[in-house]
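Working notes for the structure below.
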Number of protein chains: 2
Amino acid sequence: MGMLGKMDRIDRKLLNLMQRDASRTNVDLADEVGLSPSSCLRRTQRLQKSGVIDRIVAILNPAKAGRVIKALVAVELKLHGEQHMRRFLDIAITEEAVSHAYAVTGETDVVLMLRLRDMEEFDSLCERLFRDQTNVARFFTMMIIRTAKEETAIRL
Amino acid sequence: MGMLGKMDRIDRKLLNLMQRDASRTNVDLADEVGLSPSSCLRRTQRLQKSGVIDRIVAILNPAKAGRVIKALVAVELKLHGEQHMRRFLDIAITEEAVSHAYAVTGETDVVLMLRLRDMEEFDSLCERLFRDQTNVARFFTMMIIRTAKEETAIRL
DNA sequence: CAGAATGGTGCAATTTTATTGCAACGGCGC
DNA sequence: GCGCCGTTGCAATAAAATTGCACCATTCTG
């Protein structure tokens, strides 16, 4: 799995740069890491084919694209079997407002991250996910007051 | 803030496509949304300048880049004032293993998302963040067993 | 140790893409 | 109707990506 061993300092530098800004041209990146454009390009292409770089995506400004309200919900299931867990997660991940869904250890069984347009969407979501027939014993809602850090990049 | 009103169907289509794969060429995108390359390019440039597109980044495969272990930690502070909250968050966000940090409502005050190389890193992190002098009353660790969904894209 | 094999590099030629000027088109208010 | 504004497509230009090639360093092998 880990391909860190096959990577040198320049690969790591490239990955760090591209995690910050992947819109830079190959020529630009090559200049910064001190390689020729062709050589730099071969590295980035190799990093993509090997899967170290999963994909290149556009990150939107949530405030300018709607869905401003964020919340975390810790869910405790009634039935704790593997199949019950999977069933609940399958339902949860189909919801557009659910951006993250994790099975976790501890007091609760599942943690969901929500991105909501408004509280009405929260209300209707709760009705769909946390009703009697969905195997939910209890759930604890944590509205996110402030986002101090939200970092998808992996430091290398 | 919300600039959704000024966007038409093609803008939304472009944003959805670019959130999935921003490595596609402008020519390719133009073809898919049914515009000429020049016109399509002007749209994507406008979306970037207006800030709807915050940035273009490379997403790495965590398993192939280290930091395989993920955990959520709910933290309850001793002192709940605004300045105490800020002080704790300021310390937390400087930690590389802390990928997300939120101030939240509910039983606890702060939720952290951790990305760890190994449990030793978790141990040392706890010593730095959750000691007496860091204003932490209690903390609840939830190791992430399974990631059912992890979506940064915003559906439009 | 010599020679081959492997992998990475820079250069230069070629192909592809991005960028820009320009005229035309459509909606809208006056 | 007429002009205004923003958007479009086309074509020319500039920039970037891609590829073939020869060269160099390291490692493997006999």
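Letters A, B, ... are given to chains in the order of the sequence lines, protein chains preceding strands, and every chain is numbered from 1.
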note = Apart from A:I93 itself, members of its ILVMFWY cluster (side-chain separation under 4.5 Å) are none
query = Between atom CG in A:L29 and atom P in D:dA16, what is the gap in whole Å?
reply = 12 Å
B:V52-A:V57 co-clustered via ILVMFWY side chain contacts under 4.5 Å = no
Terminal axes of the helix from C:dC1-D:dG30 to C:dC30-D:dG1 (five pairs each): angle between them, nearest 10 degrees = 30°
task = Mind calculating the distance between CZ (B:R9) and C1' (D:dT7) to the nearest angstrom?
result = 16 Å
ask   = With a cutoff of under 4.5 Å between side-chain heavy atoms, which Ile, Leu, Val, Met, Phe, Trp and Tyr residues group with B:L72?
value = A:L72, A:Y102, A:V104, A:V111, A:M113, A:M142, A:I144, B:Y102, B:V104, B:V111, B:M113, B:M142, B:I144
query = When you list every nucleotide of DNA chain C with an atom under 4.0 Å from a heavy atom of chain A, which one comes first 5' to 3', and which comes last?
reply = C:dG8 to C:dC11
key: Selection: residues 14-22 of chain B, any non-hydrogen atom under 4.0 Å of DNA chain C   = none
key: Protein-nucleotide distance (B:K49, atom NZ; D:dG6, atom C1'), rounded to Å   = 14 Å
ask   = CD1/B:I59 to CE/A:M18 distance, rounded to the nearest 0.5 angstrom?
value = 11.0 Å
query = Cluster question for you: counting only ILVMFWY and a side-chain heavy-atom cut-off of under 4.5 Å, with indirect links fine, are B:I10 and A:L60 together?
reply = yes
key: salt bridge (charged side-chain N to carboxylate O under 4.0 Å, His left out) pairs, two or more places apart, involving residues 41-52 of chain B   = B:D8-B:R43, B:D11-B:R43, B:D11-B:R46
inquiry  = For a quick check under 3.5 Å, do B:K70 and B:T147 share a side-chain donor-acceptor pair by atom type?
reply    = yes
inquiry  = So does A:D132 get a backbone contact from the side chain of A:K78, meaning a donor-acceptor N/O pair under 3.5 Å?
reply    = yes
ask   = Rounded to the nearest Å, what distance is computed from the CG atom of residue B:D11 to the P atom of nucleotide D:dG6?
value = 15 Å
request  = Return each pair, listed once, that meets salt bridge (charged side-chain N to carboxylate O under 4.0 Å, His left out) where at least one residue sits in residues 21-37 of chain A; pairs must be two or more places apart or across chains.
outcome  = A:R24-A:D28, A:R24-A:E32
inquiry  = If I take atom CZ in residue B:R24 and atom P in nucleotide D:dA16, what distance separates them, rounded to the nearest angstrom?
reply    = 23 Å
message = Per the salt bridge (charged side-chain N to carboxylate O under 4.0 Å, His left out) rule, what does the pair list look like for residues 106-115 of chain B, sequence neighbours excluded?
response = none
Salt bridge (charged side-chain N to carboxylate O under 4.0 Å, His left out) against A:R9, all qualifying residues, sequence neighbours excluded = none
key: With sequence neighbours excluded, residues passing ring-ring contact (aromatic ring centres under 6.0 Å, His included) with B:F140   = none
request  = Using a cut-off of strictly less than 4.0 Å between a heavy atom of the residue and any atom of DNA chain D, enumerate the qualifying residues of residues 32-48 of chain A by number.
outcome  = A:S38, A:L41, A:R42, A:Q45
request  = Measure from CG on A:D31 to P on D:dA16 and round the result to the nearest Å.
outcome  = 11 Å
ask   = Does A:M85 sit in a hydrophobic cluster with other residues, and if so which ones, taking ILVMFWY side chains as linked at heavy-atom separations under 4.5 Å, directly or through other members?
value = A:I69, A:V73, A:V75, A:L77, A:F88, A:L89, A:I91, A:V98, A:V110, A:L112, A:L114, A:L116, A:M119, A:F122, A:L125, A:L129, A:F130, A:V136, A:F139, A:M143
